[in-house]
Amino acid sequence: MQTLEARILPGMQTPGRLYNFAAGPAVLPEPVLLEMKAELPLYKNVGASILEISHRSPEYTDVAERARAHLRRLLGLSDDWHILFLQGGASLQFHQVPLNFLPKDGTADYLVTGSWAKKALKEAQFLGNARVAASSEDRNFSYLPDPAVWDLDPAAAYLHFTSNNTIFGTQFATEPQVEVPLVCDASSDFLSRPIDIDRYGLIYAGAQKNVGPAGVTLVLVRDDFLQRRNRPLPTLLDYGTHTAKLFHTPPVYAVYVVEKVLRWLLDLGGLAAIAKINEAKAQQLYTRIDASDFYRGTAAPEARSKMNVTFRLPSEELEKRFVEEAKEAGLLALKGHRSVGGIRASIYNACPPEAVEALVDFMDHFERRHG
Ligand SMILES: *Cc1c(COP(=O)(O)O)cnc(C)c1O
């Protein structure tokens with residue numbers, strides 16, 4: 001039998017490229033990587049690569065405008081929405097959101113459903129009255145609090161929530177039903193399914209989970225919400241600076257890759273199409289987990305994430321072996337986050353269905369030998 005380095009796995013084009021279940025930075029569509037390769041070291045006829053030219057050149061401007069146009073098409077965004085390509089990751093948004101939108105004499109509500117949500121709350125509390133509307137920390141963020149027990153402030157400037165809990169593997173099935181504008185950290189499920197855009201004031205997502213490489217943070221902000229921001233604000237941290245003009249050098253290569261990923265997604269059929277694929281992948285994996293007592297899902301079944309699937313084996317010893325042997329079988333990065341333990345399979349948009357099939361086969365095989 002050929003070595004893994006020499007084999008082309010089903011669904012892949014490059015020998016030695018394995019099935020990647022990393023949580024982030026995560027798998028990118030292989031056609032996008034091949035296009036990047038083809039466009040280095042020369043982009044079109046500009047005499048240089050896209051990394052080496054001005055961010056105000058017609059070529060880069062065109063890339064950024066096309067990325068925005070793709071996003072508008074994918075999400076059905078009207079002209080009321082600004083699309084920003086910022087830096088600092090989702091983590092800087094934890095600060096920038098309340099800095100702009102938590103009024104000095106007002107409040108904002110937070111749904112604390114995971115460690116990222118908790119970090120967002122912490123940054124907001126440095127700045128003002130950020131309230132915990134609900135929390136699932138009592139059971140290690142393994143479920144979503146029942147909306148019936150949420151303690152909402154009807155006068156809150158916004159409700160902040162994390163649509164998908166990357167670490168513990170829970171996900172909101174739909175938007176929280178509240179009167180105030182939603183602010184969402186969508187880092188780990190952005191563009192994985194259609195959303196009800198009218199409920200949001202602002203959405204942010206680090207690109208490195210589901211839409212591109214590390215280095216750019218996508219921020220969508222609705223104009224009427226933007227106008228409510230606090231003033232004055234430090235220039236770079238004022239969203240208004242970035243909606244007004246290209247203020248400083250953006251992460252050009254990351255935006256360039258994001259444009260390709262968005263085009264790949266449109267060619268696939270857009271959000272309804274990818275949602276169906278994601279649904280099927282998650283279903284297949286959860287069905288396998290539930291098929292025996294050997295594997296045990298860690299998230300409450302009704303809150304299970306379609307992006308990050310978390311499960312345990314009967315012992316830590318077996319979990320270690322599982323991760324090691326999986327790697328030898330061509331399945332990368334299945335080790336769970338240290339705060340949950342066990343196994344985490346991140347199955348974002350660019351994770352091919354063949355990868356999930358291979359994982360399920362490996363799980364059968366592993367249980368037969370160790371169960
Ligand atoms: C990864 C992640 C973050 C952190 O993103 P950075 O870009 O590293 O700051 C925040 N929120 C969620 C939901 C994440 O998955």
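Ligands are counted one by one from 1 in listed order, and the atoms in each one are counted from 1 as well.
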Taking Thr61 for the side chain and Ser57 for the main chain, is one N or O donor matched with an acceptor at less than 3.5 Å?
-> yes
Counting heavy atoms not belonging to Gln227, are there more than 12 under 6.0 Å from its CD?
-> yes
Going by heavy atoms, is Gln208 under 4.0 Å from ligand 1?
-> yes
What protein heavy atom is closest to atom 11 (N) of ligand 1, reported as residue, atom name and distance in Å?
-> Asp185 OD2, 2.6 Å
With no hydrogens and no angle check, is any side-chain donor or acceptor of Ser315 less than 3.5 Å from a backbone partner on Leu318?
-> yes
So which bit of Phe94 gets within less than 4.0 Å of ligand 1, heavy atoms only: side chain, backbone, both or neither?
-> side chain
What residue and atom, counting heavy atoms only, is the protein's closest point to atom 14 (C) of ligand 1, and at what distance?
-> Lys209 NZ, 2.9 Å
When distances are taken from atom 9 (O) of ligand 1, the protein heavy atom at minimum range is Ser91 OG, 2.6 Å
May I ask you to decide if the ring planes of His160 and Tyr204 are parallel, tilted or perpendicular, using 30° and 60° as cut-offs?
-> tilted
Please determine if Arg139 forms a cation-pi arrangement with Tyr143, meaning its NZ or CZ atom is less than 6.0 Å from the six-membered ring centre and no more than 45° off the ring axis.
-> yes
With heavy atoms and a 4.0 Å threshold, my read on which part of Thr162 contacts ligand 1 is side chain
Does Phe362 have its ring centroid less than 6.0 Å away from the ring centroid of Phe322?
-> yes
Ligand-residue contact atoms, ligand 1 with Gly89, heavy atoms, under 4.0 Å | 7 (O), 9 (O)
Nearest-contact summary for atom 5 (O) of ligand 1 - protein heavy atom, Å | Ala90 CB, 3.6 Å
